[in-house]
Amino acid sequence: MPIPRSFYKRSTVLVARDLLGAVVRHGPLAGRIVETEAYLGEADEAAHSFAGLTRRTRVIFGPPGHAYVYLSYGLHCCLNFVAEPDGRPGCVLIRALEPLEGLDQMFLRRPRARKPRDLCSGPGKLTQALGVTLEHYGADLTRGPLTVEPGESGGFDIGVSTRIGITRSAELPLRFFIRDNEHVSRR
DNA sequence: CAATAGATCATCT
DNA sequence: GATGATCTATTGC
């Protein structure tokens with residue numbers, strides 16, 4: 001059973017932290033979330049939604065529990081989950097997964113990968129490994145084909161740091177990751 | 001191992 | 001016409 005929409009209808013920071021350990025599934029492909037970043041609606045200049053409501057950011061202002069996918073640097077898709085109640089902006093960037101199921105197919109999608117660690121240890125890598133594209137923009141995470149399932153909660157320490165790869169609002173501690181997990185990006 | 005350059009395009013001004 | 005919430009190969013130590 002996918003995680004219910006009520007899970008996402010909370011503050012973006014809580015959703016980002018609590019997503020650690022949950023499982024992202026796309027058909028036979030699945031991975032455990034080990035690293036996330038929160039992008040807030042207000043007072044966060046790094047968030048795409050900071051620019052206001054546009055065609056690209058419209059889903060971020062919509063109901064929670066949907067996918068926000070965007071193209072990064074013209075090459076990579078990045079996967080986010082929309083949080084906060086309907087009408088309020090906020091989303092969580094999925095930065096890294098621990099591959100669980102369908103490793104064979106992931107290796108086929110990522111020919112350069114040598115080890116399992118190379119498959120999903122970055123926001124652009126995991127979308128390529130899972131086959132997530134711009135077509136998943138707005139997809140309902142409670143229904144599929146892209147879903148999020150509860151994982152084994154607890155049993156790990158949560159680390160907090162500043163976010164990676166941004167210039168504005170760079171000092172905010174909005175990156176969450178599972179401590180000592182080797183699939184976290186930029187180890 | 002660290003630093004750097006190049007690829008490449010949807011979106012917004 | 002400018003701008004990236006990135007990845008990879010390559011260079012140089």
Side-chain angles (χ1 to χ4, degrees), chain A residues 8 11-17 19-20 22 24 29 31 33-62 64 66-84 88-99 103 106-139 141 146 148 159-178 182-187:
Chain A
Y8 303 96
S11 82
T12 308
V13 170
L14 283 183
V15 174
R17 194 195 62 191
L19 274 172
L20 293 177
V24 179
L29 310 176
I33 299 175
V34 298
E35 180 181 354
T36 64
E37 282 180 358
Y39 285 86
L40 313 180
E42 302 153 3
D44 181 3
E45 299 184 53
H48 290 165
S49 56
F50 187 76
L53 186 56
T54 66
R55 174 162 62 248
R56 184 174 67 155
T57 63
R58 129 188 148 263
V59 71
I60 306 176
F61 289 82
H66 292 260
Y68 165 52
V69 185
Y70 72 92
L71 188 69
S72 176
Y73 293 93
L75 296 165
H76 311 283
C77 292
C78 291
L79 173 65
N80 298 249
F81 298 159
V82 176
E84 305 280 343
R88 294 181 54 86
C91 65
V92 177
L93 172 67
I94 308 304
R95 281 198 59 88
L97 302 176
E98 175 181 336
L103 289 261
M106 291 188 192
F107 274 110
L108 290 179
R109 291 182 184 279
R110 287 185 48 72
R112 306 294 169 76
R114 293 284 167 198
K115 323 175 285 294
R117 184 187 297 171
D118 303 327
L119 291 174
C120 299
S121 55
K125 297 180 189 177
L126 69 92
T127 54
Q128 195 183 6
L130 286 185
V132 172
T133 69
L134 289 181
E135 294 180 4
H136 293 90
Y137 180 93
L141 300 170
L146 189 62
V148 186
V160 183
S161 78
T162 55
R163 294 171 293 183
I164 292 176
I166 58 171
T167 54
R168 296 171 303 181
S169 297
E171 73 287 356
L172 302 177
L174 294 176
R175 172 173 175 256
F176 303 90
F177 56 95
I178 295 182
E182 64 173 12
H183 296 277
V184 169
S185 69
R186 308 245 186 132
R187 299 177 10 87

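Per chain, numbering begins at 1; letters A, B, ... match sequence-line order.
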Students should find this one: the first and last nucleotides of DNA chain C, 5' to 3', lying under 4.0 Å from a heavy atom of chain A. What are they? C:dG4 to C:dA9
Donor-acceptor pairs are to be reported for all side-chain atoms of residues 123-134 of chain A against protein atoms at under 3.5 Å, with residues two or more places apart or in another chain.
from   : atom 1 : to     : atom 2 : distance (Å)
A:K125 : NZ     : A:S121 : OG     : 3.2
A:T127 : OG1    : A:C77  : O      : 2.7
A:T127 : OG1    : A:G124 : O      : 3.0
A:Q128 : OE1    : A:R110 : NH1    : 2.6
A:Q128 : NE2    : A:R109 : O      : 3.3
A:T133 : OG1    : A:E135 : N      : 3.2

Please classify the nucleic acid contact of A:R58 as base, sugar-phosphate, or nothing, using heavy-atom distances under 4.0 Å. nothing
Please identify each residue that fulfils ring-ring contact (aromatic ring centres under 6.0 Å, His included) with A:H76, with sequence neighbours left out. none
Going by the rule side-chain contact (heavy atoms from CB on, under 4.5 Å), which residues pair with A:S161 if we only count those two or more places apart in sequence or in a different chain? A:R175, A:F177
Return the set of residues passing ring-ring contact (aromatic ring centres under 6.0 Å, His included) with A:Y137 (not counting sequence neighbours), or none when no residue passes. none
Do A:T12 and A:Y39 touch side chain to side chain, with heavy atoms closer than 4.5 Å? no
Under 3.5 Å, N/O pairs linking protein and nucleotides 2-8 of chain B:
from  : atom 1 : to    : atom 2 : distance (Å)
B:dT8 : O2     : A:Y73 : O      : 2.5

When the nearest nucleotide of DNA chain C is assigned to A:R112 and to A:I166 on a heavy-atom basis, which residue is associated with the more 5' position? A:I166
With the side chain counted from C-beta on, respond yes when A:L141 and A:V82 share a heavy-atom pair under 4.5 Å apart, and no when they do not. no
Taking only residues two or more places apart in sequence, or in another chain, which ones meet A:S169 in a side chain to side chain donor-acceptor pair (under 3.5 Å)? none
Just jot down the side chain to side chain donor-acceptor pair (under 3.5 Å) partners of A:T54, sequence neighbours excluded, or say none. A:T57
Name all residues meeting the side-chain contact (heavy atoms from CB on, under 4.5 Å) criterion together with A:P99; count only those two or more places apart in sequence or in a different chain, and write none if there are none. A:L103, A:M106, A:L119, A:C120, A:H183
Parsed dot-bracket for DNA chain C after applying the Watson-Crick and G-U rules with both distances under 3.5 Å and | for other-strand partners is ||||.|||||||.
Going by the salt bridge (charged side-chain N to carboxylate O under 4.0 Å, His left out) test, which pairs reach into residues 69-84 of chain A, not counting sequence neighbours? A:E84-A:R88
Comparing A:A113 and A:G165 on DNA chain C - which has the more 5′ nearest nucleotide: A:G165
Distances for protein N or O near nucleotides 11-13 of chain B N or O, under 3.5 Å:
from   : atom 1 : to    : atom 2 : distance (Å)
B:dC12 : OP1    : A:T54 : OG1    : 2.1
B:dC12 : OP1    : A:R55 : N      : 3.3
B:dC12 : OP1    : A:R56 : N      : 3.0

What I'd like to find out is whether the side chain of A:L40 reaches to under 4.5 Å of the side chain of A:V13, using heavy atoms alone. yes
Do the non-hydrogen side-chain atoms of A:L19 and A:F81 ever get within less than 4.5 Å of each other? yes
